[in-house]
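For reference, the structure discussed in these notes is given below.
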Amino acid sequence: MMETTDIQARLVQFGKHVDDERAVRAGGVLNREREAPQAIHRQNVTARKPRTLRRGAFVARAAAVIVLAGAAVGLWSMVNRSDRDGISVSAASGEAGEGAGLFPAGDVAAVVEAGFDDPVSVTNRYLKDRVRHLPDRVDLVPTVGLTKTIDDDLVVVGFSLQGTDDSGDGYALVERVGPEPGAWVVVSSSIIGFDVPTISYRDGSIDGTLSTSSGGATLVEIYDANTNALITTSELSQPAVDEGTAEVSFSIEGIDAPSVGVRFWNIGDLEHQGGPRANFAEVRLYDGDRDVNAGWGPLAAAANAS
Amino acid sequence: LVINEQSDQLRSLDSFLVQARPRLERALIARYGIDDGLDAAVEASAYALEHWDRLRSMGNPVGYLYRVGQTRGGRLAQRWKRIESIVQHPLTCDRIVDVDLQRALLQLKPEERIAVVLVYAHGHSYAEAAEILDVPVTAVSNHLTRGLARLRTILER
């Protein structure tokens with residue numbers, strides 16, 4: 001049987017080895033401890049990636065955060081992404097004036113100031129905010145349920161919306177966009193069955209496809225993710241369920257914002273469905289994002305990943 | 001007067017980093033491996049410079065900086081899961097040192113691994129490990145007991 005002292009002796013040797021490696025890496029890390037703080041700061045600033053790479057990193061995130069595991073591998077071959085149970089994570093935009101997510105609105109500084117300390121609290125408030133502004137004033141009561149931690153900074157939160165004659169379960173993807181307490185923000189959400197197989201934002205135009213199991217009409221609202229100002233709305237008509245639901249393509253032009261929140265609310269049609277439904281999806285996009293897979297599919301894949 | 005105040009601030013930050021940085025680096029290396037751990041420590045130190053006024057008023061600034069480092073390192077977690085050693089590509093020798101031990105350490109829970117490495121490999125006190133993990137000393141004691149027992153089991157297989 002191996003003695004504890006043997007293991008401890010091996011650990012001591014390992015510790016020395018780690019310190020030796022620390023000493024020779026990055027220009028002598030041990031020496032860096034003796035440097036003035038300004039020098040450390042300069043090293044870090046120089047090491048930061050330029051903006052173009054940050055955007056590339058965001059695209060990687062959008063691909064995997066919001067994207068089905070493996071489904072969009074070909075789409076993202078140009079970006080440097082890492083797999084994480086089908087989810088790749090890179091930094092959200094930390095640029096001033098670019099929205100960090102869907103809720104709370106605003107850039108990273110604004111999100112931190114809003115101060116949601118955990119994924120559940122921000123999802124709860126997000127849902128309460130959204131159901132207050134439902135099309136045609138549907139009364140829905142949100143309930144936040146279980147969470148699935150993807151990593152230290154990314155969590156999928158399950159929720160339910162209960163209405164008088166309708167209900168739906170869904171997921172929200174919540175991200176911590178900074179180290180400070182209160183940096184959690186909702187970046188994507190969807191009710192079961194509401195898929196946005198592909199959506200892109202470039203040259204002032206949002207193009208994509210959507211599919212819902214209920215058919216009917218869907219209201220699309222585009223918000224500036226930084227200011228939360230409504231930029232434009234559009235109504236899309238889908239075939240009714242009994243006519244065979246299919247993906248519907250859409251294109252909305254004339255958008256001028258570095259980051260947007262795209263809200264899809266399926267408002268149904270009275271003839272086929274008897275009224276509005278608790279059926280929606282929402283996603284954050286940055287100008288330049290291409291072929292993001294949003295909606296229910298990728299969120300469910302993330303929530304159910306082992 | 002302003003210059004003197006700034007100098008005092010920098011001196012206090014410098015003093016803090018000289019004390020805290022080795023422990024911060026060792027903890028982040030144990031958490032994320034040598035390369036990503038050092039990157040995370042650099043970012044945490046830069047954060048300390050930018051937010052020193054706020055940080056110095058905190059009860060546990062080094063624990064907070066560890067969390068800052070985690071934000072950076074956490075983004076690399078999947079790559080970390082796939083590697084087989086903490087010092088994956090050593091620069092000070094030709095091959096990985098005690099690869100069995102490093103593999104065994106990677107099978108511990110992160111908090112157990114960090115506690116074991118800080119205390120047994122680097123000689124930090126229980127209190128110092130507790131401070132950086134922002135947990136009570138009793139929790140560190142539990143991590144060490146369980147971590148060492150698991151290490152023994154893994155290494156005896």
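Throughout, a chain's letter reflects where its sequence line sits, starting with A, and its residues are numbered from 1.
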Side chain, backbone, both or neither: which part of B/Val97 has a heavy atom under 4.5 Å from chain A?
both
What part of B/Gln19 gets within 4.5 angstrom of chain A, counting heavy atoms only: side chain, backbone, both, or neither?
neither
If you count every heavy atom of other residues, nucleotides or ligands that lies below 6.0 Å from B/Arg150 atom CZ, does the total exceed 12?
yes
Side-chain heavy atoms of A/His17 within contact of B/Val87, under 4.5 Å:
yes
Within residues 120-131 of chain B, which positions have a heavy-atom distance to chain A below 4.5 Å?
B/Tyr120, B/Ala121, B/His122
In B/Tyr64, B/Phe16, B/Tyr47, the residue satisfying ring-ring contact (aromatic ring centres under 6.0 Å, His included) with B/Trp52 is B/Phe16
Does the side chain of A/Ile7 reach to within under 4.5 Å of the side chain of B/Arg152, using non-hydrogen atoms?
yes
Heavy atoms, side chains only, cut-off 4.5 Å: are A/Phe14 and B/Asp98 in contact?
no
Are any of the side-chain heavy atoms of B/Val116 and B/His143 separated by less than 4.5 Å?
no
Interface moiety of B/Leu118 toward chain A, non-hydrogen atoms closer than 4.5 Å:
neither
If you count the non-hydrogen atoms of other residues, nucleotides and ligands that lie under 6.0 Å from CD in B/Gln107, is the total more than 12?
yes
